Undergrad: 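Below are the structure tokens for one structure; questions will follow.
Along the sequence shown, residues are numbered consecutively beginning with 1. Fair warning: this is a prediction, and the values are worked out from it, not measured in the lab.
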Amino acid sequence: MEGLKEIQKLEGHTDRVWSLAWNPLSGLDGAPLKLASCSGDKTVRIWEHKPSNSWECQAVLDDPHTRTVRSCAWSPSGKLLATASFDGTTAIFQDVGDDYECVSTLEGHENEVKSVSWNASGSLLATCGRDKTVWIWEVLPGNEFECVAVLQGHTQDVKMVQWHPTMELLFSCSYDNTVKIWADDGEDDNWVCVQTLAQSNSGHSSTVWALSFNATGDKMVTCSDDLTLKIWGTDNGKMLSSDGFAPWSHLCTVAGYHDRTIFSVHWSRDNIIASGAADDAIRFFVENNECDSLVDGPSYNLLLKKEKAHDMDINSVQWSPGENRLLASAADDGMIKIWELTSVSC
């Protein structure tokens, strides 16, 4: 049987916590587990797991943002932290030995910046916002960032941007109910929309809040205000063997488990999908591996539901990158919780 064990509550934020990001080096080669959180209190906090087995706040970054910090993301090296704010800017912090220095501020969005994401090599950064645009920034030497593309295609607020884990593909999801996939068409930084996942091709019927990829990058899960998760698939081999883009197709819809908006979804390395929703619960899903499911396409079963995981809406669920099956969650109650999924029999 599976169980979810609460390891620790991380308290300190004085407003809702919007987003969490594990440092990619967490737990690797003896490095301590490290987590960034951002909040409506205009600050970013860095939390670290100590040898005493407790979590402590290592730093509070209260400058330069003047409004809510909505999203945070570590670079693949774990040295830089990007933070996106409702003040219209994205800040870049550098880890300078237990201290964090703001080394760059990216300006350009007309208003609130909602999400930020680094590509796999750390050479590009994407941001998106309420102005319906997606920006791609090139990372230059000396912590300089140059905007190389402004992508216009969404008709509403863009909620999240996420780079594919291995390909130079950028995914964005929006209040316009769609997910758009962007690629460089080979010309000089000419990024174009190569596919739109909309209701007309089995997509969502309401706001798409978040998306996440499986470990191999050939499947993606999206979550929505329409109370469903959707699983999408592509042919990675085809993409690698040709210049062509292999389109994504709808594999299945996970419906009937949520009765409030699903704000966050994250796919673990060992194929467990976690969701966080407005009903204060965290749910875990696994693929049904029975033979008959192969005929009809994949289906997903509810593994575990944690009622009242928080006292208010859950905004973010994030699996740790290390070997431990740790999940961090953040909510409108200002709280961050670290959980361990104890045993899994899929």
Side-chain angles (χ1 to χ4, degrees), residues 6-27 31-75 77-87 89-105 112-118 127 160 210 263-264 266 276 282 309-322 324 326-340:
E6 184 180 314
I7 303 292
Q8 195 168 339
K9 288 188 183 77
L10 308 184
E11 301 181 64
H13 282 297
T14 57
D15 201 327
R16 67 184 58 178
V17 186
W18 277 114
S19 179
L20 298 169
W22 292 88
N23 187 293
L25 305 183
S26 284
L33 293 165
K34 193 181 288 188
L35 184 70
S37 61
C38 58
S39 165
D41 66 11
K42 309 172 195 172
T43 73
V44 176
R45 284 177 175 257
I46 312 293
W47 309 85
E48 191 171 291
H49 185 244
K50 298 297 183 186
S52 61
N53 211 25
S54 65
W55 286 81
E56 291 178 14
C57 182
Q58 184 191 14
V60 180
L61 315 181
D62 53 9
D63 195 50
H65 292 305
T66 57
R67 291 185 63 196
T68 288
V69 187
R70 180 65 178 84
S71 171
C72 54
W74 295 95
S75 64
S77 69
K79 294 290 186 199
L80 298 175
L81 179 70
T83 59
S85 170
F86 284 5
D87 64 15
T89 70
T90 301
I92 310 293
F93 294 90
Q94 185 167 15
D95 182 354
V96 285
D98 285 357
D99 197 14
Y100 291 84
E101 182 185 329
C102 182
V103 293
S104 197
T105 304
E112 291 95 327
V113 189
K114 296 293 182 79
S115 176
V116 61
S117 176
W118 302 83
T127 58
M160 186 186 202
F263 288 122
S264 180
H266 198 219
I282 299 173
H310 284 267
D311 292 335
M312 296 171 78
D313 294 8
I314 297 173
N315 297 314
S316 183
V317 286
Q318 292 289 312
W319 293 101
S320 73
N324 294 343
L326 294 178
L327 183 85
S329 61
D332 279 1
D333 59 11
M335 200 72 71
I336 300 155
K337 293 186 181 183
I338 309 293
W339 310 85
E340 184 177 14

Undergrad: Sequence neighbours excluded, which residues qualify as ring pair (Phe, Tyr, Trp, His ring centres under 6.0 Å) partners of Phe263?
TA: Trp209
Undergrad: Could you give the distance from CD (Gln58) to NZ (Lys50), rounded to the nearest 0.5 Å?
TA: 5.5 Å
Undergrad: Would you name the heavy atoms of Trp18 and Asn315 that are closest together and state the gap between them?
TA: O-CB, 3.5 Å
Undergrad: Looking only at heavy atoms, what is the nearest atom pair of Ala82 and Thr90, with distance?
TA: CB-CG2, 4.4 Å
Undergrad: Enumerate the salt bridge (Lys or Arg N to Asp or Glu O under 4.0 Å) contacts for residues 312-322, please, sequence neighbours excluded, ordered by first and then second residue.
TA: none
Undergrad: Just to verify, what does Ser316 make a side chain to side chain contact (heavy atoms under 4.5 Å, CB included) with, not counting sequence neighbours?
TA: Leu20, Ser264, Gln318, Ala330
Undergrad: To the nearest 0.5 angstrom, please state how far the CG atom of Leu35 sits from the SG atom of Cys57.
TA: 10.5 Å
Undergrad: Please answer whether the main-chain N or O of Thr66 pairs with a side-chain N or O of Asp87 as donor and acceptor at a distance below 3.5 Å.
TA: yes
Undergrad: Quick one: are Ile338 and Leu33 in side-chain contact, heavy atoms under 4.5 Å?
TA: no
Undergrad: Once you round to the nearest 0.5 Å, how far does CD1 of Ile7 lie from NZ of Lys337?
TA: 12.5 Å
Undergrad: I'd like to check the salt bridge (charged side-chain N to carboxylate O under 4.0 Å, His left out) partners of Lys79; sequence neighbours left out, ordered by chain and number.
TA: none
Undergrad: Looking at Ser37, is its backbone amide N or carbonyl O close enough to the side chain of Trp47 to form a donor-acceptor pair, meaning the two atoms are under 3.5 Å apart?
TA: no
Undergrad: Using every non-hydrogen atom in the two residues, find where Arg70 and Val113 come nearest and quote the distance to one decimal.
TA: CB-O, 3.8 Å
Undergrad: For Gln94, enumerate each residue passing the side chain to side chain contact (heavy atoms under 4.5 Å, CB included) test, keeping only those at least two apart in sequence or located in another chain.
TA: Leu80, Val96, Val103, Asn143
Undergrad: Which pair of non-hydrogen atoms, one from Arg16 and one from Ser39, has the smallest distance, and what is that distance?
TA: O-OG, 2.8 Å
Undergrad: NZ/Lys9 to CD1/Ile336 distance, rounded to the nearest 0.5 angstrom?
TA: 13.0 Å
Undergrad: Using the salt bridge (charged side-chain N to carboxylate O under 4.0 Å, His left out) criterion, which residues pair with Lys42? Sequence neighbours excluded.
TA: none
Undergrad: What salt bridge (Lys or Arg N to Asp or Glu O under 4.0 Å) pairs are there with at least one residue in residues 56-65, not counting sequence neighbours?
TA: none
Undergrad: If you round to the nearest 0.5 Å, how far is OG of Ser75 from CG of Asn23?
TA: 8.0 Å
Undergrad: Quick one: list whatever passes ring pair (Phe, Tyr, Trp, His ring centres under 6.0 Å) with Trp55, sequence neighbours left out.
TA: Trp22, His49
Undergrad: Kindly give the heavy-atom pair with the smallest separation between Asn53 and Gln8, and that separation in Å.
TA: O-OE1, 4.3 Å
Undergrad: Going by the rule side chain to side chain contact (heavy atoms under 4.5 Å, CB included), which residues pair with Ala36 if we only count those two or more places apart in sequence or in a different chain?
TA: Ile46, Cys72, Trp74, Leu81
Undergrad: Which residues satisfy the side-chain hydrogen bond (donor to acceptor under 3.5 Å, both in side chains) test with His310, sequence neighbours excluded?
TA: Ser329, Asp333
Undergrad: So, Ser85 side chain and Thr68 main chain: donor-acceptor pair closer than 3.5 Å or not?
TA: yes
Undergrad: Is the closest side-chain heavy-atom distance between Thr83 and Leu61 below 4.5 Å?
TA: no
Undergrad: Does Ser71 offer a backbone N or O that forms a donor-acceptor pair with the side chain of Ser115 under 3.5 Å?
TA: no
Undergrad: Excluding sequence neighbours, so at least two apart, what forms side chain to side chain contact (heavy atoms under 4.5 Å, CB included) with Cys102?
TA: Pro64, Ala91, Phe93, Thr105
Undergrad: Determine the minimum heavy-atom distance between Ala210 and Met160, stating which atoms define it.
TA: CA-SD, 3.4 Å
Undergrad: Please identify each residue that fulfils salt bridge (charged side-chain N to carboxylate O under 4.0 Å, His left out) with Asp41, with sequence neighbours left out.
TA: none
